[in-house]
Structure formats: structure tokens, C-alpha cells
2 protein chains.
Amino acid sequence: MRKFLNVFKKCPLFFDVSDDDIITMLGCLKARTDIFDKNYTILSEESPAKYIGIVLSGSVQITQTDYYGNRSILGNLCEGELFAEAFACMQMASMPVSVVANEKSNIMFIDCNHILHTCQNGCPHHQQLIYNLMKVLALKTVMFQQKIEVISKRTTREKLLTYLTTCAKKNNRNSFKIPFNRQELADYLEVDRSGLSAQISKLRKEGVLECRGNYFNLL
Amino acid sequence: MRKFLNVFKKCPLFFDVSDDDIITMLGCLKARTDIFDKNYTILSEESPAKYIGIVLSGSVQITQTDYYGNRSILGNLCEGELFAEAFACMQMASMPVSVVANEKSNIMFIDCNHILHTCQNGCPHHQQLIYNLMKVLALKTVMFQQKIEVISKRTTREKLLTYLTTCAKKNNRNSFKIPFNRQELADYLEVDRSGLSAQISKLRKEGVLECRGNYFNLL
DNA sequence: TAAAGTATGTTGAAATTTCAACACATTGGA
DNA sequence: TCCAATGTGTTGAAATTTCAACATACTTTA
């Protein structure tokens, strides 16, 4: 287990827990690991959600298949990232997504109940673990809320301005860098890239903002 | 405190906790209550998030003011509902929203840290409380995720079909009732009501679905 | 350095949405 | 019973988006 310590250290679930405590706790938590080959389905839609997954090596893809059989990719997770944590906390009877190995991957599973119900051994950092898991969920909730606020706007222009002013607020200043290139920004705003570019040009001409690359300045 | 027991019983934070245990715990948690007059700002944007709020009587509005000073209403909360729980769990330095009393309202505040770090008294149901809070956050995460999946579609038609097929999946059958009237459905999908009505008619003519009121049947 | 690849901006046509206005049905009082 | 209020469906015009295709700048690497 120790060989993955560097991964645990960047996993938000183990934030502020010492190396030794991590190892001890993984025992208490009855964590188990598994290796999956490329394209293997780690968790399938419809299966009950019980375990939180952690990517120890490799990477996985979150996918979803709709009513008509069209598969869409919801995201990619790399080393240290968690999956299924919300579904596991809810004890959902059937997962709404599948998790598939992108490449040969080591995955760790922890029964969510073992995290939520503190063990008999009185692990000193069990509370921290609960605290961390709560933070992960809370952060996700807040991020989703912000995204909904942005993409619920009707036009590309409004979406863009809502996003940019949120950034300005966060940075406490009118000029800032965004963490996206144009295509990524379009994907985040859920709009067409070329239309987005056009709107940025227009806002620039109108004197509403300045922009060079991913650096923006609201006027 | 006992006079609000009927409210606590429908509050998800106290699910599966007995009346007596609720009262005992509220002491341990150092919960405090306050009365706010209509239009009073209970929590203001920019103030640090520390407490989870519970509406004991009356109702509150979640609002947000953008860069240009436009205020928008994000939601209404009634008796038994929680607010600011995600922000408090994250210990956000400044709230991204305000909470305003819609009418004269009794509000209870609980320091989030008191929930997350179990007390010395060994309250038997403290674990249940943590578990419940986690479920609240997890449920919200999942609901937001589903909403994003729906409204990230580009056209009204796609949004509607994505929503309806999700409902069908949940109900395990092709016919079901939705919890919205047309205007509410349009608000949820973030589209124009009349355009939504037009799309429903079109899908009906194409033989894709049947519908009477809020009852739908996918063909 | 040249070539290939990637990121971005521009454009016009087609598709779609929004918006406003109105028709019709249903509901709940007065 | 009648009236007002509410919910829903329809329509056409204006605004906006998407889509495809291409131009231009910047990067990477052979």
C-alpha cells in the first residue's frame, strides 16, 4: 500500500492526514485495491453504489448511456481523484453512470459506511476523513451551482459575461486569467466555439472587455 | 425548542433521530435561534460561511447580486429546509449568495464544526447527524449533476427528451407523471415556455410521445 | 528553418429560440 | 352561474445559435 503514498497525499480525502495514519486507517476502513485492464468496466450503470473509488494509477472515464443507447463521456479522472463518492454516500440503489478504465489502472475501493461510522479503534484521524469527504461533496455542490448559474443564461453573451463577472468577483479585481482555452471555455459554457469567439470580438469592439489569450479585463 | 419539534421531524438533518435526542443534541451543538422581520438580510453576500441555517417558521429567499447590481432570486425555502450547508461545510470565506426573510421568520443556526467534530458527551445520534448531512450534500450533488446533464443539451427538444428519458429510467417504465406544470418545466429546462409547448406538440405529432397534462408516455 | 499541427477568429446560411400576442380550456370564487 | 385568474397551445417575426468552411496566428518538432 505504501507505494501509493504519493497518490494518497494528493487525494483530497486524505488531506491533513499523516502518512502513517493513512496506512493505519486504510486497514480499519477495509480498503481493497484491484487492477483493471484497459476498457474494463469498473462500475456499471444499474449496479448499487456502495464504494467510493480512488484512482491509484492509470485513469478512468465516467460514461453514461441514454435511453436510445447513445453513450456520452462525462469526464476523465486521473491519479488521486475520487469517483462515485456522492452516489455511495447516498447509497443509491443503481448508479446513474458507468466507470471504465482508460488504460490499465489500479483502483482502490472504500466502503462509504466505514467512513461515515467511526470504527472501534478510535483512529485519531477518522474525524478528519469525514471532514474531508464532506468538503469534497460541498465543493462539488458549490461548483455545480456556479456552473448552473452560468449555463442557465439564455445567450452565449450572457453566459460568457456571467462567467467572467464571477471570475472577477472571485479574484477581487477586473483583470484575471481563466483556466480554459477557447474550446474548453465553450465546452464549459455549453455553447459553440465559433459563436463564442464571435461574441468575445463583439464585446471587445463594444469596449466591454479587453482580452489576450486567456487573460481578460472587464472595463 | 420543543415547539418546533414538528419542523425538526421533517428536516432532513434530523432524519431517524428521536425527539428527545434531537433536543439533547441541539444543546451540544450550541444551536441558537433568531427571529427576523420581513426583508431582513439573514446572511449577506461576502460574509463568512460558518453556520448551517434551518427555517423553523416563515420562509426565506436565496438571492444573488451580480457585478452590475442586478439581483436574481435563486430559490425559496420553507419550514424545515436547510440553507448555506454547502458553504458552511466548505468554510467559505465569503458567501456567494444572500439569504433574506420573506416574512417574519424563525431561523436556527448550527455551527458546522460542531456537527463535523463529535462532542465529548458521546451523543448517541451524532453519527446519524453527520450521516444525514452527508446525505443532504450528496443528494444535492446528484440532483445538480442531473440538471446539468439536461440543460447542457443545446436545443429545447434535446433538453426535454433528456429530462423525460431520465424520468423513464427512474420510474422503470415509459409512462410517468412529472412534478412540474409547463411553466415550471420550462424553468427547470431553462427554456421558453411557449417554445417548450410547441416542441411537445411536435413530438406528439411525430409519435414519439403521448402526454396529458403532466402525465407523459414515451413510445 | 520549414512543415505540420493546434488554437483562434471570421463569415454566411440554416436551424432554433425567444418574444409578444392571442385563443382556448379549466378552475375557483363571488 | 358568471367572472376573473390561471394554465396551455399556436403563431409569426426578430434575434441568436449552430454548423461548416476557411483564414490567420502561434507552437512544436522533424
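Naming convention: chains lettered A, B, ... in sequence-line order (proteins, then strands); numbering from 1 in each chain. Hydrogens, waters and symmetry mates are skipped; everything else that's a heavy atom, side chains included, is used.
- Relative to the side chain of A:A198, the nucleotides C:dT11, D:dT11, D:dT17 differ in distance, and C:dT11 lies closest.
- Distances shorter than 4.0 Å separate some side-chain N or O of B:R154 from OP1 or OP2 on D:dT18.
- A salt bridge links B:K147 with B:E190; the closest basic N to acidic carboxylate O contact falls under 4.0 Å.
- Residue contacts for B:D192: at a heavy-atom cut-off of 4.0 Å it reaches a base atom on one of the strands shown.
- Rounded to whole Å, the distance from CG on B:L196 to C1' on D:dT10 is 14 Å.
- If you take CZ of B:R157 and C1' of C:dT18, they are 19 Å apart, rounded to a whole angstrom.
- Summarising the local packing, OH of A:Y215 is surrounded by more than 12 heavy atoms from other residues, nucleotides or ligands at distances under 6.0 Å.
- By the 30° and 60° cut-offs, the orientation of the rings of A:F36 relative to A:Y40 is tilted.
- Look at CZ on B:F180: it is 16 Å from C1' on D:dG7, rounded to the nearest Å.
- In the model, B:D20 has no side-chain atom that pairs as donor or acceptor with a side-chain atom of B:S18 under 3.5 Å.
- The interatomic distance linking B:E190 (CD) with D:dT17 (P) rounds to 16 Å, in whole Å.
- Ion pairing of A:K9 with A:D19 is present here, as a side-chain N (NZ or NE/NH1/NH2) and a carboxylate O approach within less than 4.0 Å.
- In this structure, the CZ atom of A:R182 is 13 Å from the C1' atom of D:dA25, given to the nearest Å.
- Put simply, B:T156 has a side-chain N or O that comes within less than 4.0 Å of OP1 or OP2 on C:dT17.
- Per the geometry, NZ belonging to B:K153 stands 14 Å off P belonging to D:dT18, to the nearest Å.
- Within the 4.0 Å cut-off from OP1 or OP2 of C:dG9, at least one side-chain nitrogen or oxygen of A:R204 is found.
- Look at A:Q199 and you won't find any side-chain N or O under 4.0 angstrom from OP1 or OP2 of D:dT16.
- The side chain of B:N181 sits closest to D:dG7 out of D:dG9, D:dG7, C:dT8.
- With rounding to whole Å, A:R212 atom CZ is found 13 Å from D:dC26 atom C1'.
- A residue-by-residue look at A:Q183 and B:V191 shows that A:Q183 has its nearest nucleotide of DNA chain C further toward the 5' end.
- C:dT16 atom P lies 13 Å from atom CG of B:L161, rounded to whole Å.
- One finds no side-chain N or O of B:S201 lying less than 4.0 angstrom from the OP1 or OP2 phosphate oxygen of D:dG9.
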